[in-house]
2 protein chains.
Amino acid sequence: MHVTITENQPITFQAEAKKILQNIQTATSICPVRHVLDRIGDKWSFLCILHLGAADTLRFNELRKQIGDVSQRMLTVTLRSLEADGLVQRHVYAEVPPRVEYQLTPLGHSLLVAFSGLGTWANAHAQEVAQARQAFAAREKGDG
Amino acid sequence: MHVTITENQPITFQAEAKKILQNIQTATSICPVRHVLDRIGDKWSFLCILHLGAADTLRFNELRKQIGDVSQRMLTVTLRSLEADGLVQRHVYAEVPPRVEYQLTPLGHSLLVAFSGLGTWANAHAQEVAQARQAFAAREKGDG
DNA sequence: CAGCATCCCGTTCGATACTG
DNA sequence: CAGTATCGAACGGGATGCTG
(Lines give C-alpha, C1' and ligand atoms only; values in the text may rest on other atoms or scores of the structure.)
Protein backbone atom coordinates (compact mmCIF):
# COMPACT_ATOMS: atom_id res chain seq x y z
CA MET A 1 0.00 0.00 0.00
CA HIS A 2 1.25 3.41 -0.94
CA VAL A 3 1.46 5.80 1.97
CA THR A 4 1.96 9.52 1.78
CA ILE A 5 1.63 11.57 4.89
CA THR A 6 2.28 15.21 5.56
CA GLU A 7 5.75 15.88 6.84
CA ASN A 8 4.66 17.46 10.07
CA GLN A 9 2.67 14.40 11.06
CA PRO A 10 4.64 11.31 12.09
CA ILE A 11 3.48 7.94 10.82
CA THR A 12 2.36 6.97 14.31
CA PHE A 13 -1.05 8.57 13.92
CA GLN A 14 -1.84 6.40 10.98
CA ALA A 15 -0.71 3.28 12.80
CA GLU A 16 -2.87 4.30 15.73
CA ALA A 17 -5.94 4.70 13.59
CA LYS A 18 -5.32 1.37 11.90
CA LYS A 19 -4.97 -0.31 15.26
CA ILE A 20 -8.30 1.05 16.41
CA LEU A 21 -9.92 0.03 13.16
CA GLN A 22 -8.43 -3.42 13.51
CA ASN A 23 -10.09 -3.75 16.88
CA ILE A 24 -13.35 -2.52 15.46
CA GLN A 25 -13.28 -5.04 12.62
CA THR A 26 -12.38 -7.80 15.04
CA ALA A 27 -15.43 -7.19 17.17
CA THR A 28 -18.15 -9.73 16.61
CA SER A 29 -20.76 -7.51 15.07
CA ILE A 30 -21.19 -4.35 17.09
CA CYS A 31 -18.08 -2.28 17.57
CA PRO A 32 -17.29 -1.57 21.23
CA VAL A 33 -15.91 1.84 20.39
CA ARG A 34 -19.14 2.78 18.71
CA HIS A 35 -20.97 1.56 21.76
CA VAL A 36 -18.87 3.63 24.11
CA LEU A 37 -19.40 6.68 21.98
CA ASP A 38 -23.11 6.03 21.88
CA ARG A 39 -23.00 5.97 25.62
CA ILE A 40 -20.83 8.96 26.37
CA GLY A 41 -21.70 10.81 23.18
CA ASP A 42 -25.14 11.54 24.54
CA LYS A 43 -25.67 14.91 26.03
CA TRP A 44 -25.23 14.11 29.70
CA SER A 45 -23.28 10.93 30.42
CA PHE A 46 -19.95 12.61 30.00
CA LEU A 47 -20.81 15.42 32.40
CA CYS A 48 -22.25 13.02 34.94
CA ILE A 49 -19.05 11.01 34.97
CA LEU A 50 -16.97 14.15 35.19
CA HIS A 51 -18.89 15.63 38.10
CA LEU A 52 -19.11 12.35 39.94
CA GLY A 53 -15.41 11.87 39.41
CA ALA A 54 -14.67 15.30 40.83
CA ALA A 55 -17.01 15.14 43.81
CA ASP A 56 -16.72 11.45 44.67
CA THR A 57 -20.28 11.13 45.97
CA LEU A 58 -23.31 13.18 44.99
CA ARG A 59 -27.01 13.02 45.68
CA PHE A 60 -29.46 13.27 42.84
CA ASN A 61 -30.28 16.92 43.16
CA GLU A 62 -26.71 17.88 44.01
CA LEU A 63 -25.60 16.38 40.73
CA ARG A 64 -28.45 18.04 38.94
CA LYS A 65 -27.53 21.43 40.34
CA GLN A 66 -23.88 21.01 39.42
CA ILE A 67 -24.63 20.14 35.83
CA GLY A 68 -27.06 22.98 35.74
CA ASP A 69 -29.16 22.61 32.64
CA VAL A 70 -30.18 18.98 32.78
CA SER A 71 -33.84 18.09 33.23
CA GLN A 72 -34.86 15.72 35.98
CA ARG A 73 -35.96 13.18 33.44
CA MET A 74 -32.72 13.16 31.50
CA LEU A 75 -30.62 12.93 34.62
CA THR A 76 -32.61 9.92 35.75
CA VAL A 77 -32.37 8.25 32.37
CA THR A 78 -28.67 8.97 32.08
CA LEU A 79 -27.83 7.71 35.56
CA ARG A 80 -29.81 4.52 35.03
CA SER A 81 -27.97 3.93 31.82
CA LEU A 82 -24.59 4.52 33.43
CA GLU A 83 -25.60 2.22 36.24
CA ALA A 84 -26.57 -0.48 33.78
CA ASP A 85 -23.17 -0.19 32.16
CA GLY A 86 -21.48 -0.63 35.50
CA LEU A 87 -19.96 2.85 35.43
CA VAL A 88 -21.94 4.34 38.30
CA GLN A 89 -22.98 2.92 41.62
CA ARG A 90 -26.35 3.84 43.10
CA HIS A 91 -26.96 3.78 46.84
CA VAL A 92 -30.52 4.06 48.07
CA TYR A 93 -31.01 4.85 51.74
CA ALA A 94 -34.29 3.78 53.30
CA GLU A 95 -34.90 7.11 54.96
CA VAL A 96 -37.48 9.85 55.07
CA PRO A 97 -36.97 12.03 53.18
CA PRO A 98 -35.42 9.66 50.64
CA ARG A 99 -31.72 9.89 49.94
CA VAL A 100 -29.95 8.43 46.93
CA GLU A 101 -26.24 8.79 46.41
CA TYR A 102 -24.26 8.20 43.27
CA GLN A 103 -20.58 7.56 42.75
CA LEU A 104 -18.33 6.16 40.09
CA THR A 105 -17.39 2.51 40.12
CA PRO A 106 -13.74 1.56 39.48
CA LEU A 107 -14.77 0.98 35.87
CA GLY A 108 -16.22 4.46 35.76
CA HIS A 109 -12.99 5.87 37.12
CA SER A 110 -11.00 4.13 34.44
CA LEU A 111 -13.26 5.66 31.80
CA LEU A 112 -12.72 9.05 33.34
CA VAL A 113 -9.02 8.63 32.76
CA ALA A 114 -9.64 7.75 29.13
CA PHE A 115 -11.76 10.89 28.88
CA SER A 116 -9.05 13.09 30.19
CA GLY A 117 -7.13 12.87 26.93
CA LEU A 118 -10.16 14.16 25.12
CA GLY A 119 -10.72 16.86 27.69
CA THR A 120 -7.16 18.02 27.39
CA TRP A 121 -7.41 18.09 23.61
CA ALA A 122 -10.64 20.05 23.74
CA ASN A 123 -9.22 22.69 25.99
CA ALA A 124 -5.99 22.92 24.06
CA HIS A 125 -7.58 23.23 20.62
CA ALA A 126 -10.93 24.84 21.29
CA GLN A 127 -9.65 28.13 19.93
CA GLU A 128 -8.24 26.57 16.79
CA VAL A 129 -11.57 24.92 16.10
CA ALA A 130 -13.42 28.16 16.68
CA GLN A 131 -11.10 29.97 14.30
CA ALA A 132 -11.46 27.25 11.68
CA ARG A 133 -15.21 27.58 11.96
CA GLN A 134 -15.07 31.32 11.43
CA ALA A 135 -12.72 30.98 8.50
CA PHE A 136 -14.97 28.34 6.97
CA ALA A 137 -18.07 30.47 7.42
CA ALA A 138 -16.33 33.42 5.81
CA ARG A 139 -15.21 31.26 2.90
CA GLU A 140 -18.75 29.96 2.47
CA LYS A 141 -20.12 33.46 2.34
CA GLY A 142 -17.50 34.43 -0.20
CA ASP A 143 -18.24 31.46 -2.43
CA GLY A 144 -22.01 31.52 -2.11
CA MET B 1 -13.80 19.28 51.79
CA HIS B 2 -14.19 15.74 52.98
CA VAL B 3 -12.88 13.16 50.58
CA THR B 4 -13.45 9.46 50.70
CA ILE B 5 -12.39 7.33 47.81
CA THR B 6 -12.27 3.58 47.36
CA GLU B 7 -8.89 2.17 48.23
CA ASN B 8 -8.24 0.63 44.86
CA GLN B 9 -8.61 4.00 43.12
CA PRO B 10 -5.83 6.51 43.62
CA ILE B 11 -6.74 10.12 44.28
CA THR B 12 -5.41 11.10 40.85
CA PHE B 13 -8.70 10.33 39.12
CA GLN B 14 -10.49 12.85 41.21
CA ALA B 15 -7.85 15.47 40.59
CA GLU B 16 -8.13 14.77 36.87
CA ALA B 17 -11.87 15.24 36.87
CA LYS B 18 -11.55 18.45 38.85
CA LYS B 19 -8.99 19.76 36.40
CA ILE B 20 -11.29 19.10 33.47
CA LEU B 21 -14.20 20.69 35.28
CA GLN B 22 -12.01 23.68 36.10
CA ASN B 23 -11.33 24.15 32.43
CA ILE B 24 -15.00 23.80 31.66
CA GLN B 25 -15.97 26.41 34.21
CA THR B 26 -13.26 28.71 32.92
CA ALA B 27 -14.63 28.66 29.41
CA THR B 28 -16.53 31.78 28.48
CA SER B 29 -19.99 30.34 28.12
CA ILE B 30 -19.96 27.21 26.02
CA CYS B 31 -17.74 24.45 27.28
CA PRO B 32 -15.20 23.30 24.69
CA VAL B 33 -15.37 19.72 25.87
CA ARG B 34 -19.09 19.69 25.37
CA HIS B 35 -18.56 21.09 21.92
CA VAL B 36 -16.05 18.42 21.01
CA LEU B 37 -18.36 15.71 22.24
CA ASP B 38 -21.23 17.21 20.30
CA ARG B 39 -19.04 17.01 17.27
CA ILE B 40 -17.58 13.54 17.61
CA GLY B 41 -20.49 12.14 19.56
CA ASP B 42 -22.63 12.12 16.47
CA LYS B 43 -23.00 8.89 14.65
CA TRP B 44 -20.35 9.30 11.97
CA SER B 45 -17.69 11.90 12.75
CA PHE B 46 -15.66 9.52 14.85
CA LEU B 47 -15.59 6.85 12.16
CA CYS B 48 -14.73 9.36 9.46
CA ILE B 49 -11.75 10.57 11.43
CA LEU B 50 -10.68 7.02 12.17
CA HIS B 51 -10.85 5.86 8.57
CA LEU B 52 -9.24 8.98 7.22
CA GLY B 53 -6.51 8.61 9.79
CA ALA B 54 -5.89 5.04 8.77
CA ALA B 55 -5.98 5.54 5.01
CA ASP B 56 -4.42 9.00 4.77
CA THR B 57 -6.41 10.05 1.71
CA LEU B 58 -9.84 8.85 0.62
CA ARG B 59 -12.33 9.80 -2.03
CA PHE B 60 -15.94 10.31 -1.12
CA ASN B 61 -17.20 6.91 -2.17
CA GLU B 62 -14.11 5.13 -0.91
CA LEU B 63 -14.78 6.52 2.53
CA ARG B 64 -18.43 5.67 2.24
CA LYS B 65 -17.67 2.09 1.32
CA GLN B 66 -15.22 1.71 4.19
CA ILE B 67 -17.67 2.95 6.77
CA GLY B 68 -20.27 0.74 5.21
CA ASP B 69 -23.61 1.80 6.56
CA VAL B 70 -23.51 5.54 6.20
CA SER B 71 -25.94 7.24 3.85
CA GLN B 72 -24.65 9.63 1.24
CA ARG B 73 -26.43 12.47 2.90
CA MET B 74 -24.95 11.87 6.32
CA LEU B 75 -21.47 11.41 4.98
CA THR B 76 -21.72 14.74 3.18
CA VAL B 77 -23.11 16.49 6.23
CA THR B 78 -20.51 14.96 8.51
CA LEU B 79 -17.59 15.78 6.26
CA ARG B 80 -18.73 19.37 5.85
CA SER B 81 -18.97 19.69 9.56
CA LEU B 82 -15.53 18.25 10.11
CA GLU B 83 -14.20 20.54 7.41
CA ALA B 84 -15.77 23.54 9.11
CA ASP B 85 -14.06 22.57 12.34
CA GLY B 86 -10.71 22.39 10.60
CA LEU B 87 -10.33 18.68 11.23
CA VAL B 88 -10.60 17.52 7.64
CA GLN B 89 -9.18 18.95 4.44
CA ARG B 90 -11.22 18.74 1.25
CA HIS B 91 -9.53 18.72 -2.15
CA VAL B 92 -11.71 19.19 -5.20
CA TYR B 93 -10.16 18.29 -8.55
CA ALA B 94 -11.61 20.00 -11.59
CA GLU B 95 -11.89 16.82 -13.60
CA VAL B 96 -14.50 14.77 -15.40
CA PRO B 97 -15.70 12.67 -13.72
CA PRO B 98 -15.39 14.75 -10.58
CA ARG B 99 -12.94 13.70 -7.92
CA VAL B 100 -12.90 14.89 -4.33
CA GLU B 101 -10.36 13.71 -1.83
CA TYR B 102 -10.45 14.02 1.91
CA GLN B 103 -7.72 13.81 4.47
CA LEU B 104 -7.14 14.79 8.06
CA THR B 105 -5.57 18.12 8.89
CA PRO B 106 -2.83 18.24 11.54
CA LEU B 107 -5.57 19.27 13.96
CA GLY B 108 -7.56 16.22 12.95
CA HIS B 109 -4.55 14.03 13.52
CA SER B 110 -4.10 15.42 16.99
CA LEU B 111 -7.73 14.64 17.77
CA LEU B 112 -7.20 11.12 16.55
CA VAL B 113 -4.50 10.70 19.14
CA ALA B 114 -6.85 11.93 21.85
CA PHE B 115 -9.38 9.39 20.61
CA SER B 116 -6.99 6.53 20.90
CA GLY B 117 -7.24 6.56 24.68
CA LEU B 118 -10.96 6.11 24.38
CA GLY B 119 -10.59 3.41 21.76
CA THR B 120 -8.19 1.53 23.97
CA TRP B 121 -10.52 1.79 26.91
CA ALA B 122 -13.47 0.60 24.85
CA ASN B 123 -11.67 -2.46 23.63
CA ALA B 124 -10.26 -3.26 27.03
CA HIS B 125 -13.52 -2.93 28.93
CA ALA B 126 -16.17 -3.81 26.39
CA GLN B 127 -16.70 -7.16 28.00
CA GLU B 128 -16.99 -5.74 31.50
CA VAL B 129 -19.63 -3.32 30.31
CA ALA B 130 -21.52 -6.10 28.58
CA GLN B 131 -21.44 -8.20 31.72
CA ALA B 132 -22.57 -5.28 33.85
CA ARG B 133 -25.47 -4.77 31.49
CA GLN B 134 -26.54 -8.37 31.77
CA ALA B 135 -26.24 -8.36 35.54
CA PHE B 136 -28.27 -5.16 35.68
CA ALA B 137 -30.97 -6.54 33.42
CA ALA B 138 -31.19 -9.68 35.55
CA ARG B 139 -31.43 -7.59 38.71
CA GLU B 140 -34.18 -5.47 37.12
CA LYS B 141 -36.16 -8.55 36.25
CA GLY B 142 -35.72 -9.87 39.75
CA ASP B 143 -36.86 -6.62 41.35
CA GLY B 144 -39.68 -5.86 38.95
C1' DC C 1 -18.66 10.70 -9.22
C1' DA C 2 -20.01 13.86 -5.83
C1' DG C 3 -23.51 16.33 -3.76
C1' DC C 4 -27.83 19.16 -2.88
C1' DA C 5 -33.02 19.45 -1.91
C1' DT C 6 -37.14 17.43 -0.29
C1' DC C 7 -40.01 14.47 2.22
C1' DC C 8 -40.94 11.62 6.04
C1' DC C 9 -40.39 8.81 9.99
C1' DG C 10 -38.43 7.33 14.48
C1' DT C 11 -36.19 8.80 18.41
C1' DT C 12 -34.88 12.18 21.78
C1' DC C 13 -35.86 15.32 25.04
C1' DG C 14 -38.36 18.98 27.77
C1' DA C 15 -42.59 20.18 30.27
C1' DT C 16 -45.98 18.79 33.16
C1' DA C 17 -48.41 16.05 36.45
C1' DC C 18 -48.42 12.48 39.78
C1' DT C 19 -46.23 8.91 43.56
C1' DG C 20 -43.64 6.73 47.59
C1' DC D 1 -36.30 14.20 47.97
C1' DA D 2 -36.21 11.29 44.20
C1' DG D 3 -38.24 9.59 41.26
C1' DT D 4 -42.26 7.56 37.35
C1' DA D 5 -45.71 8.36 33.46
C1' DT D 6 -47.37 10.67 29.66
C1' DC D 7 -47.62 13.97 25.94
C1' DG D 8 -45.98 16.88 22.28
C1' DA D 9 -42.26 19.51 19.93
C1' DA D 10 -37.74 19.25 17.88
C1' DC D 11 -34.16 16.95 15.77
C1' DG D 12 -31.51 13.39 13.43
C1' DG D 13 -31.19 10.76 9.78
C1' DG D 14 -32.80 7.48 5.80
C1' DA D 15 -34.93 7.23 1.00
C1' DT D 16 -35.59 9.29 -3.12
C1' DG D 17 -34.97 12.32 -7.00
C1' DC D 18 -32.34 15.85 -9.39
C1' DT D 19 -27.78 18.58 -10.78
C1' DG D 20 -22.92 19.64 -12.63
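Order of the sequence lines sets the chain letters (A, B, ...), proteins ahead of strands, with each chain counted from 1. Keep in mind the model is a prediction, meaning the values are calculated, not measured.
- Distance B:Lys65 NZ to C:dA2 C1': 14 Å, rounded to the nearest Å.
- One can place CZ of B:Arg73 at 15 Å from P of C:dC9, the figure rounded to the nearest angstrom.
- The side chain of A:Pro98 sits closest to C:dG20 out of D:dA2, C:dG20, C:dA2.
- Contact between the side-chain N/O atoms of A:Arg59 and the OP1/OP2 oxygens of D:dA2 is found at a separation under 4.0 Å.
- Two residues, A:Val70 and B:Arg99, neighbour DNA chain C, and the one matched to the more 5' nucleotide by heavy-atom proximity is B:Arg99.
- Atom NE2 in A:His91 sits about 13 Å away from atom P in D:dG3, given to the nearest Å.
- Nucleotide C:dG14 holds its P atom 10 Å from the CZ atom of A:Arg64, rounded to whole Å.
- With hydrogens and angles ignored, the 3.5 Å screen pairs a side-chain donor or acceptor of B:Thr76 with a backbone N or O of B:Gln72.
- Distances were taken from every side-chain heavy atom of B:Ser71 (C-beta onward) to each of C:dG3, D:dG14, C:dC1; the shortest belongs to D:dG14.
- A straight line from CG of A:Leu63 to P of D:dG3 spans 11 Å, rounded to a whole angstrom.
- Under a 3.5 Å cut-off, the side chain of A:Arg64 and the backbone N or O of A:Val70 do form a donor-acceptor pair.
- At a threshold of 4.0 angstrom between heavy atoms, the contacts of B:Glu95 with the nucleic acid are absent.
- Side-chain atoms of B:His91 and B:Gln103 form a donor-acceptor pair, as typed in the model, at a separation below 3.5 Å.
- Rounding to the nearest 0.5 angstrom, the gap separating the CG atom in A:Leu79 from the CD atom in A:Gln89 is 12.5 Å.
- The aromatic rings of A:Tyr102 and A:Phe60 lie tilted to each other, with the angle between the two planes from 30° to 60°.
- Note on A:Arg90: a side-chain N or O is less than 4.0 Å away from OP1 or OP2 of D:dG3.
- Distance OH (A:Tyr102) to C1' (D:dG3): 8 Å, rounded to an integer number of Å.
- Distances shorter than 4.0 Å separate some side-chain N or O of A:Arg80 from OP1 or OP2 on D:dT4.
- Side chain of B:Met74, nearest nucleotide from D:dG14, D:dG3, C:dC13: D:dG14.
- As rounded to whole Å, 11 Å separates atom C1' of C:dA2 from atom CG of B:Leu79.
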